[in-house]
Number of protein chains: 2
Amino acid sequence: MAMNYKNWATQIKKGYLELCVLSLIEQHDKLYGFQLIKLLEELGISMKEGTLYPLMNRMTTDKVLIAKWETKEIKGHPRKFYSLSKSGTKLLQEMKMEYQSMVENYLKIGEGK
Amino acid sequence: MAMNYKNWATQIKKGYLELCVLSLIEQHDKLYGFQLIKLLEELGISMKEGTLYPLMNRMTTDKVLIAKWETKEIKGHPRKFYSLSKSGTKLLQEMKMEYQSMVENYLKIGEGK
DNA sequence: ATATAATACCTTGTAATGCTAGGTATATTG
DNA sequence: CAATATACCTAGCATTACAAGGTATTATAT
């Protein structure tokens, strides 16, 4: 990315990261925050803690996600696991459709001409 | 889109619209603002005037775009045509690569499991 | 004549969010 | 006992899509 406009990468991630997080939780049933960051990293998607944790709290407040602390069976810092609520599942389906449209619409730009 | 989180559609468009605009200008060589909005609309992409014009001015100031007024040969309100600068062309290539990565990375989420 | 609509551009202010840069706490390793 | 890794959190900043307003020109309808 060029020196100027290096913030474009930040901008285009808005919404996209939300979709990635919800999709990963759907796929794994439940995940905790730190684990999500590692999973995304493996996929080539960089999401900082300062981005993820506020997002998880927002989505929990909005009842898109259900959060549960787990302290048993593990040592170290307790982990907060997230799973999709019913409305979260529905929201994700809508997001996927919208995302799919965007990808297809952009493809049309390349095809035309 | 659900009642809540209806702003997600707004958020995910950040950066995406910039990519669409630059790609369309590259393909058509030159375009004016109002025309861009109509073109995007035809593609299924909604971009409001209050979004487009400030963006075009930003990118002109940053020398990503070159702007030229055209008043001859047409009646009605004068039109401001935009074309890609050299650095704009380079920036667009970088954006396309980044976008491609994002699309591919998200595909991996669906594939894994 | 004179509203109305369509074209074409612009600006102010708001809401939302990714990230930086800090912080806290627990457990392990040198 | 310092350093590292894990795991969560927060305040403040920079950025951008949009709503809602505006200006100006031409064509069309009343």
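Chain letters run A, B, ... following the sequence lines, proteins first and then strands; every chain starts at 1. Treat the numbers as computed from the prediction; the structure is a model and nothing was measured.
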Figure out the CG/P separation between B:L39 and C:dA8, and round it to whole Å. 12 Å
Between the base of C:dC9 and the side chain of B:E49, is there a donor and acceptor pair under 3.5 angstrom? yes
Indicate, with a heavy-atom threshold strictly under 4.0 Å, whether B:G50 touches base, sugar-phosphate, or nothing. base
Is A:I66 linked to A:F81 within one hydrophobic cluster, defined over Ile, Leu, Val, Met, Phe, Trp and Tyr using a side-chain heavy-atom separation of less than 4.5 Å? no
Side chains of B:Y106 and A:S23, donor plus acceptor under 3.5 Å: yes
What are the 5'-most and 3'-most nucleotides of DNA chain D lying under 4.0 Å from any heavy atom of chain A? D:dT6 to D:dT16
Would you say B:S46 and B:K48 are linked by a side-chain donor-acceptor pair, where the criterion is simply a distance under 3.5 Å? yes
Rounded to whole Å, please give me the gap between CG in A:L55 and P in C:dC19. 11 Å
Can you tell me if B:Q93 and B:E26 form a side-chain donor-acceptor pair at under 3.5 Å? yes
Between P of C:dA8 and CG of B:L36, the distance in whole Å: 12 Å
Quick one: label A:P78 by what it contacts on the DNA or RNA (base, sugar-phosphate, nothing), any heavy atom closer than 4.0 Å. sugar-phosphate
How close or far is atom P of C:dA8 from atom OH of B:Y53, stated in whole angstroms? 8 Å
Separation of C:dC19 atom P from A:N7 atom CG, nearest Å, is 11 Å
Pairwise distance CD(A:E18) to CD(B:Q11) - rounded to 0.5 angstrom: 8.0 Å
How would you label the contact of B:G76 with the nucleic acid (heavy atoms, under 4.0 Å): base, sugar-phosphate, or nothing? sugar-phosphate
Could you tell me how the ring of A:Y16 sits relative to the ring of A:Y99: parallel (under 30°), tilted (30 to 60°) or perpendicular (over 60°)? tilted
Nearest-Å distance for atom pair NZ/C1', residues B:K38 and C:dA8: 10 Å
If you find the nucleotide of DNA chain D closest to A:W69 and the one closest to B:M47, which residue's nucleotide is nearer the 5' end? A:W69
Of A:E18 and A:K48, whose nearest nucleotide on DNA chain C comes first from the 5' end? A:E18
Nearest-angstrom distance from the residue atom CD1 of B:I37 to P of C:dC10: 11 Å
note: B:K80, atom NZ; C:dC9, atom P; distance rounded to Å ~ 9 Å
Closest-nucleotide mapping onto DNA chain C: is B:K14 or B:N57 further toward the 5' terminus? I mean the 5' end. B:N57
Identify which nucleotide among C:dA8, C:dC10, C:dG18 has an atom closest to any side-chain atom of A:R58, counting heavy atoms from C-beta outward. C:dG18
Quick one, B:V64 and B:L92 - any side-chain contact, counting heavy atoms below 4.5 Å? no
